[in-house]
Amino acid sequence: MRNHILPKILSCFLLLLLCAHLHAQNKPTSPKPLDSAALSKIISQQVKDTSSGKSTIKLSDTSVAIIISRLETYTLMLNQVMSTLRRGLDTVEISESIPLIDSSMMVVKRDMAAIGSTNNMHDLYTNRVLLVQLERKLDGWQDQLFRFHDKLVNISDTLQILRKDTTMRNFPAEDELRDIYVGQMATLIQKWRQVDSANKTNLLHLGLVQNKVAKRYIDVTNLLEDMDFQLSRFSQRLFNKDFSYLWEPPLPGKKGPKFPQVLNRSIRKNINILKIFFAVHGPVYLLWFLVAALFLWWVTFNARKVKRKHEDREAENILLQSRYLYRYPVASTILLVSTLSFLISIQYPIMYTGICWIITAIATTCIIRHNMPANLYKRWLLLVLLLVIYCINNLLIQVTFTEQWGVFIGGIASIVLGSYLLRTLRHTTLPLPKYSRSAIWLFMALSGLSVILVVLARVSAAKIMGAAAVVSITMAPGVILMVEVLMEAIYLQVEAKKDSSTFISMIDYQNIKDRLKTIFYVAAFIGWLALIARNLYLYDGLYELISDMLVAERKIGNFTFSFSSVIIFLLIIWLSTIVTQIISYLLGYTGQTAQPHKKLGSAMLLIRLAVLGAGTLLAFAASGIPMDKLAIVVGALGVGIGFGLQNIVNNLVSGVILAFEKPIEVGDVIELGARTGVVKEIGIRSSKISAGDGSEVIVPNGDLIAQQLVNWTLTNRTRRVDVLVGIAYGADLKKALSVVKEYLENLDDILKTPEPVVLLQNFRDIGVDIQAMFWISDLGQAGTVKSQVLTDIYIKLQEAGISIAYPRPQQVQINMEPGIWKEPSTTSIPVTPAAPVTAVKPSPVVPPSEIPPQEPPTNISPKPGRGTGEAGDVK
């Protein structure tokens, strides 16, 4: 901002000179303006003087069309310019706000005149915040006035162009046309003079307003420079002794004002500054009030919608999941808005932030009073009381002996409360955050440092440390509850929109809960650390240090870069990845519906590719990396592809082919080799297939393109089911076929078109096979329908007296010659081969109840030395 001050000051001086020049030009009394009749006479006289050669007007019959066209164009242009000037320039707000700027600067000037009597960094910082807001306001006014000035200058240039246009000096030579043109020309000249006069008046008025704004801008800039100097000098001597010791009251000549007087003057001054801040900066409180009202309406609307969609008990169970937002909607809304306000408000007055802290603490108290033990709740109330005391203490503009003792007692009380909280954490069963003990140790450390500093008579530094300690520990529960309230609000939105066709209905809250909560907690923790840094007045220094470190250019060879460009590059790539993950989530199962959103996979895959590509290009452009470096990276990738990235590139290209060719979609049932499953996600490099056993198979896209793929649901989900039934020999086949056909035609789960087909398929040893073929609408029900059909066919055939074929034991008759069972001799006599086994003759098919009892064969004798169960080997 300081780099732009000198050009603005120079431009302000130039504007002052321009205003003085315009005022000097308009100061003499201007002659009485001529009317249209007088102008017509003058123009007619000049037309008559054309023969003498003294007039600049020319007569022509060939340029009548051009003359009339120019006349109409300039007339319309002057009408538009006059309409703009009549509306005027909106500088009323600026003129009415200038007295407020003057009164604000007077407050700061009075404090700077008494700078030696105040040793309060809070007061100096409040003045600086006020000056920064004034500078921003004046800077915005200057930009607005410069835009108005440019507009008026453009009007002046346009008028000069019209005046110097020599085409308008050509008049028609024919008398009747010339008389009409002379009247129109007189009207145009009169309009030109009116516009020129109005434009000069506006330029003069604008110059005066710019002069006033420029003067205030210079004064505010000078005051801000002086205030920065005072703050830097005060920071250097912050830890110096600035008051008497506790055991040494101030000397009679150095007592200064009493505490009630300082308190009264401090409150009046801060209220005045707060009024000026709201008047200059705008209705900030109205904006936050509007945000709170909209958030409360949103939550209430979603809660009512959940109650309408579910039964009372089910709706109550759903709403109780949002334990804070549903039970304490008003307190949760106030806590959310107030916490966001002081986390975002970096350049706000100390009284505004103090009010936000107290409101947050009160809202937190209302929420947690029924959720913690009574003894712990009482200690929390003591912390809130300490917060109120320190917020009032921060407003004091002068150190007093009473304030010194108050800071000392407050530090001791903070240490005692911190030690009690540490003991309580060892035995409590409350679900406290992970780093609660670390926050309490930080609170005790800052409080202890405050006590040491106040004992050493460093009251200003002790005051800063004590306030930072109390604010950090009391705002930590508020920040945590803010995250919980946001998560509960998202949960209610998801539950309210679960059965709709909107984007919210695709979200599974349980899947995104942990990741979203982590992001919120990280952002809240950063805001909490920034709050501590602001209370310790380290924020500005750290901000400048980090900014300088990030912006500084660094070189590696001929390549120049900065940490900020690297961070921007990585941030955009990360955001692109997050967006693609969200899109990928929409492709898969959400846990809410049985079927995923089909026919979106290919389109979403193209969107993901486009997002990643656009994100990469945007990252290169935003980080300042030249595009020729991108060409080098692409070349390096080409070399990498040639050496070892063929497989990866093959999968990437296959993903693009899948997106355009669309052989599969999300939700399709496919067979790939020995694997069968449902397509869950079509990725850029690989795809996910959910198998029937619950496993998820990651298949490279190249395999989906290269291998033979069976897609059961490419065009529809219908499927043919084949059922094979065996009928015993001797049964009535025509009757069996008609029974099965009639049953299939009357079954509701089977499609009527194409109609079921029942055929005689084969003759087998045990019976005759009948094959039934029918179609179902959803292949996912194939197993259930097939089981039902088989069961019903069995019952139908039994009722019709038709037996189902099944395997039966076969009788085998074995004839062997006697002596074959004799022990072979030890001599090497060739063994005579045994008689061959007679052919196996199948027995006639007889139902189990009709099988006669069989006698055991009598011609088989057991081998000596073996039991009856070992009858010998049969060849």
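By the neighbour-count criterion of 12 heavy atoms within 6.0 Å, atom NZ of K275 is sparsely surrounded, having that number or fewer from other residues, nucleotides or ligands. A 6.0 Å sphere centred on CZ of F289 holds no more than 12 heavy atoms belonging to other residues, nucleotides or ligands. Surrounding OH of Y521 are more than 12 heavy atoms belonging to other residues, nucleotides or ligands, all under 6.0 Å away.
Taking CD1 from I362 and CG from L335, the interatomic distance works out to 11.5 Å, rounded to the nearest 0.5 Å. The distance from the CD1 atom of I94 to the CD atom of Q142 is 10.0 Å, given to the nearest 0.5 Å. To the nearest 0.5 Å, the span separating CZ on F401 from NZ on K258 amounts to 10.5 Å. Atoms CZ and CD1, on R458 and I464 in that order, are 14.0 Å from each other to the nearest 0.5 Å. Of the inter-residue distances, the one linking I355 atom CD1 with L274 atom CG reads 5.5 Å to the nearest 0.5 angstrom. Within the model, atoms CD1 of I409 and CD of Q404 stand 11.0 Å from one another, a figure rounded to the nearest 0.5 Å.
Between the side chain of S414 and the main chain of G410, a donor-acceptor pair closer than 3.5 Å is present. In this structure a side-chain-to-backbone donor-acceptor pair under 3.5 Å is present from S564 to L550. Panel note: side chain N264, backbone P260; no donor-acceptor pair is recorded below 3.5 Å. A distance-only check finds no donor-acceptor pair linking the side chain of S197 to the backbone of R193 [under 3.5 Å]. When atom types are taken as modelled, the side chain of N222 and the backbone of I218 share a donor-acceptor pair closer than 3.5 angstrom. Not a single donor-acceptor pair under 3.5 Å links the side chain of K212 to the backbone N or O of S95. With N272 contributing its side chain and R268 its backbone, the two residues share no donor-acceptor pair below 3.5 Å. Although no hydrogens or angles enter the test, the distance criterion places a donor-acceptor pair under 3.5 Å between the side chain of N270 and the main chain of L395. A distance-only check finds a donor-acceptor pair linking the side chain of T360 to the backbone of C356 [under 3.5 Å]. No side-chain donor-acceptor contact under 3.5 Å links T339 to the backbone of L336.
Taking 4.0 Å as the cut-off between side-chain N and carboxylate O, D143 and R147 do not count as a salt-bridged pair.
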inquiry  = Pair K215, I98 - check side chain to side chain contact (heavy atoms under 4.5 Å, CB included), show working.
reply    = CA-CA 11 Å; K215 183 177 180 302; I98 285 177; over 6 Å; no
inquiry  = Quick one, H149 with L203, criterion side chain to side chain contact (heavy atoms under 4.5 Å, CB included). Give me CA distance, side-chain angles, the key distance, then yes/no.
reply    = CA-CA 7 Å; H149 180 266; L203 274 173; 4.0 Å; yes
task = Walk me through it: do K463 and N394 pass the test side chain to side chain contact (heavy atoms under 4.5 Å, CB included)?
result = CA-CA 8 Å; K463 181 177 177 179; N394 286 340; 4.2 Å; yes
key: Stepwise side chain to side chain contact (heavy atoms under 4.5 Å, CB included) check, K269 with T126   = CA-CA 10 Å; K269 177 196 171 181; T126 300; 5.8 Å; no
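Residue V330 comes nearest to L296 through the heavy atom pair N-CD1, 4.3 Å, listed as atom of the first residue, atom of the second, then distance. What you find for G615 and I572 is that their closest heavy atoms are O-CG2, 3.4 Å. Closest approach of L386 and V470 over heavy atoms only: C-CG1, 3.9 Å. Of all non-hydrogen atoms in M227 and R128, the two that sit nearest each other are CG-CB, 3.8 Å. When all heavy atoms are compared, the tightest approach of G411 to Y390 is N-OH, 3.7 Å. Taking every heavy atom of both residues into account, C391 and W357 meet most closely at SG-CE3, 3.7 Å.
Between L442 and I532, some side-chain heavy-atom pair lies under the 4.5 Å cut-off. Using a 4.5 Å cut-off on side-chain heavy atoms (C-beta onward), V407 and S450 make contact. Proximity of W298 to L294: side-chain heavy atoms (C-beta onward) are nowhere separated by under 4.5 Å. Side-chain contact between F239 and L456: absent, with no pair of heavy atoms (C-beta onward) separated by less than 4.5 Å. Using a 4.5 Å cut-off on side-chain heavy atoms (C-beta onward), T400 and L263 make no contact. By the 4.5 Å heavy-atom criterion applied to side chains, D157 and V153 are counted as neighbours. Side-chain contact between F342 and V471 is absent, with no heavy-atom pair separated by less than 4.5 Å. Considering only heavy atoms from C-beta on, Y125 stays 4.5 Å or farther from I350 through its side chain.
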